[in-house]
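Report on one structure; see the data block that follows.
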Amino acid sequence: MTARIIDGKARAEEIVKQLQSEISSIENKYKKKPSLAVILVGENPASKVYVSSKHKKALEADIHPIQIDLADSISEEALLVEVEKLNNNPDVNGILVQLPLPKHIDEQKIINAINPSKDVDGFHPINSGKLFCGIKDGFIPCTPKGCLDLIKIECTDLSGKNALIIGRSNIVGKPMSALLLAENCTVTIAHSRTTNLEELCSKADIVVVGVGKPNFVKGEWLNPNSIIIDVGINRISTTDGKNKLVGDVDFESAKEHCQAITPVPGGVGPMTIAMLLKNTLDAFISQN
Ligand code: GUN
């Protein structure tokens, strides 16, 4: 049987509408709107697209977007100064520095410089530490937070489920493991050195894949009752010379071998932005 397609785009639109209505109802009380500052360094085409989507969706939610475009050649020190200006600006509630940064800049140093109470990406070690300790007042990284929302729509009781996460990044794999562990899943993290990936996939009730390898996970590996969440966004060339976006899961084969699956595009991507806006509203409320 063909799998249910999890409509992340529709769910994200629902969340953005809810946020917009919440923001309009609190605007009178605070006499201002939440604001989100996004720093884009350089000309990475994918980053430009992501940043422009964040800007557009922020406007839809009635969040004030502030975009700061900086040259690829900016020094680490100058970027730290920009972050510090935003930390000290009371009109900025959320700060996001779009990754990746140019090679000459130490990403972790920049992340560490963001005030944790404005770190709506949830990448600061204070926020990741809170997530891993089960302390609820930190910011949760947007992509895994969005994935969990979609998983919960498909499966209301996650307790005891076998969750397999493929990829161990700080942005997706590691925080996803903490979130699923908090839902009482039995969590396995697989990565590039894992030797029995197909066997792990066949036993998993939930698979979250974020490895950046187009069509990597094959349908034949999957458990027929599984929920598949594809975090990958890969641009590939097709035989007719065109470009196409695909995930890390081979969607065509996977949809014949699982219970539910997120498409690419239209799955996790829009949820990441919706959760960023949700974190920004939370930042605004806690700062006011
Ligand atoms: N680059 C890819 N995904 C993300 C994200 O969620 N946040 C930031 N800041 N950069 C990214």
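Counting starts at 1 for both ligands and their atoms, following the listed order. No hydrogens, no waters, no symmetry mates; every other heavy atom, side chains included, goes into these values. Sequential numbering from 1 along the given sequence is applied to the chain's residues.
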Would you say NZ of Lys218 has more than 12 non-hydrogen atoms from neighbouring residues, nucleotides or ligands within 6.0 angstrom? yes
Under a side-chain separation threshold of 4.5 Å, the hydrophobic residues clustered together with Leu164 are Ile5, Ile166, Leu197, Leu200, Val207, Val209, Val211, Phe216, Val217, Trp221, Leu222, Ile228, Val249, Phe251, Ile261
Heavy-atom neighbours of Lys145 NZ exceed 12 at 6.0 Å: yes
Counterpart residues, side chain to side chain contact (heavy atoms under 4.5 Å, CB included), relative to Lys56 (two or more places apart): none
Collect the protein residues that have a non-hydrogen atom under 4.0 Å from ligand 1 and hand them over in chain and number order. Leu96, Val97, Gln98, Leu99, Asp121, Phe123
Could you tell me whether Ile66 atom CD1 has more than 12 heavy atoms of other residues or ligands within 6.0 Å of it? yes
Less than 3.5 Å apart, which donor and acceptor atoms pair up between the side chains of residues 89-102 and the rest of the protein, not counting sequence neighbours?
| from | atom 1 | to | atom 2 | distance (Å) |
| --- | --- | --- | --- | --- |
| Asn89 | OD1 | Asp91 | N | 2.8 |
| Asn93 | OD1 | Ser35 | N | 2.8 |
| Asn93 | ND2 | Gln287 | OE1 | 3.0 |
| Gln98 | OE1 | Lys54 | NZ | 2.6 |

